[in-house]
**Student:** 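One structure, pasted below without further comment.
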Amino acid sequence: MMDPKLTMDIPPQVREFAKKSVDQAEKAVSTFLDSASKSVAMAPGPMTDVAKQALAITEANIKSSFEYARRLMQAKDVGELMQLQSDFLRSQFGVATEQFNKMTGGATSTAKDAPNEKPELI
């Protein structure tokens, strides 16, 4: 049986408030990322692809964090919180490694291509 000290008794109103807060924050961040994506698309240049890739990575990381926050709000006890944290960190480490490899590969190819591009005259 679970130690009663490790259980969490969170009122439904608090969970609902937290859910609404996460939803609002996610909507605000999504709006910001959409605006940033549009801004990057309007500024051509050798680093545009890198900027787009960085925004895509940022968006994926933020979505993952919001999903994690939603899972935390549903946790019933400290053991579940610890398991969620462990799973999240493990997942994020793998994702960070993959993203680093994508970014370094993309930045290298962009740097190789940049000298071949002709500079635009103003």
Side-chain angles (χ1 to χ4, degrees):
M1 182 163 191
M2 176 76 55
D3 183 355
K5 294 178 198 169
L6 297 178
T7 60
M8 299 182 310
D9 188 21
I10 300 172
Q13 300 89 345
V14 173
R15 286 187 194 269
E16 184 60 30
F17 177 77
K19 181 187 178 309
K20 286 181 182 178
S21 296
V22 169
D23 290 344
Q24 288 174 348
E26 185 174 31
K27 185 177 179 181
V29 169
S30 179
T31 300
F32 172 77
L33 288 174
D34 287 344
S35 296
S37 293
K38 289 175 185 173
S39 295
V40 167
M42 292 191 312
M47 295 304 287
T48 302
D49 289 338
V50 173
K52 286 179 183 177
Q53 193 173 29
L55 279 171
I57 287 171
T58 300
E59 185 174 8
N61 288 338
I62 290 171
K63 284 183 179 183
S64 176
S65 296
F66 281 120
E67 181 182 321
Y68 171 62
R70 285 188 175 89
R71 283 195 223 137
L72 283 178
M73 288 185 288
Q74 300 305 315
K76 305 282 189 265
D77 57 50
V78 174
E80 189 175 351
L81 282 174
M82 291 171 57
Q83 184 61 49
L84 287 168
Q85 178 69 20
S86 176
D87 293 346
F88 180 72
L89 290 174
R90 190 177 307 110
S91 170
Q92 287 302 99
F93 182 76
V95 168
T97 301
E98 180 183 325
Q99 291 170 348
F100 176 77
N101 290 335
K102 282 183 182 178
M103 285 300 289
T104 55
T108 303
S109 67
T110 300
K112 288 179 185 175
D113 294 343
N116 297 330
E117 291 185 17
K118 294 180 183 175
E120 294 180 22
L121 298 175
I122 300 177

**Student:** Where do Glu80 and Gln83 land on the side-chain contact (heavy atoms from CB on, under 4.5 Å) test, with the steps shown first?
**Tutor:** CA-CA 5 Å; Glu80 189 175 351; Gln83 184 61 49; 5.6 Å; no

**Student:** Does a salt bridge link Lys63 with Glu59, judged by any charged N lying under 4.0 Å from a carboxylate O?
**Tutor:** yes

**Student:** Same hydrophobic cluster for Leu84 and Val14, using side-chain heavy-atom links shorter than 4.5 Å among ILVMFWY?
**Tutor:**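 Yes: a chain of side-chain contacts under 4.5 Å links Leu84 to Val14.
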
**Student:** Quick one, Lys38 and Met42 - any side-chain contact, counting heavy atoms below 4.5 Å?
**Tutor:** no

**Student:** Considering non-hydrogen atoms only, spot the tightest contact between Ala41 and Lys52 and give its length.
**Tutor:**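 What the structure gives for the nearest pair is CA-CE, 4.3 Å.
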
**Student:** Do Lys19 and Glu16 touch side chain to side chain, with heavy atoms closer than 4.5 Å?
**Tutor:**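 Yes - at least one pair of side-chain heavy atoms lies under 4.5 Å apart.
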
**Student:** Are Gln92 and Asn61 packed together at the side-chain level, in the sense that at least one heavy-atom pair is separated by less than 4.5 angstrom?
**Tutor:** yes

**Student:** Do the non-hydrogen side-chain atoms of Arg70 and Glu26 ever get within less than 4.5 Å of each other?
**Tutor:**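 They are in side-chain contact.
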
**Student:** From Ile57 CD1 over to Glu98 CD, what is the distance, rounded to the nearest 0.5 angstrom?
**Tutor:** 9.0 Å

**Student:** Please tabulate, one pair per line, all N/O donor-acceptor pairs under 3.5 Å involving side-chain atoms of residues 27-37, not counting sequence neighbours.
**Tutor:**
{"residue": "Thr31", "atom": "OG1", "partner": "Lys27", "partner atom": "O", "Å": "3.0"}
{"residue": "Ser35", "atom": "OG", "partner": "Thr31", "partner atom": "O", "Å": "3.2"}
{"residue": "Ser37", "atom": "OG", "partner": "Leu33", "partner atom": "O", "Å": "3.0"}

**Student:** Before you tell me yes or no, could you show the steps for Ser91 and Tyr68 under side-chain contact (heavy atoms from CB on, under 4.5 Å), namely the whole-Å CA-CA distance, both residues' side-chain angles and the distance that decides it to 0.1 Å?
**Tutor:** CA-CA 11 Å; Ser91 170; Tyr68 171 62; over 6 Å; no

**Student:** When rounded to the nearest 0.5 angstrom, what distance separates OG1 in Thr97 from NZ in Lys102?
**Tutor:**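 So the gap between those two atoms works out to 12.5 Å.
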
**Student:** With a 4.5 Å limit on heavy-atom distance, are the side chains of Asp77 and Leu81 in contact?
**Tutor:**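 When only atoms from C-beta onward are counted, Leu81 and Asp77 do not touch, as no gap falls below 4.5 Å.
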
**Student:** Looking at every heavy atom in both Ser65 and Phe88, which two are closest together, and how far apart are they?
**Tutor:** OG-CZ, 4.0 Å

**Student:** Mind listing the closest non-hydrogen atom pair of Gln99 and Ala60 along with its distance?
**Tutor:**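 Of all heavy-atom pairs spanning Gln99 and Ala60, the closest is NE2-CB, 4.4 Å.
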
**Student:** Should Asp87 and Arg90 count as an ion pair when the cut-off is N to O under 4.0 Å?
**Tutor:** yes

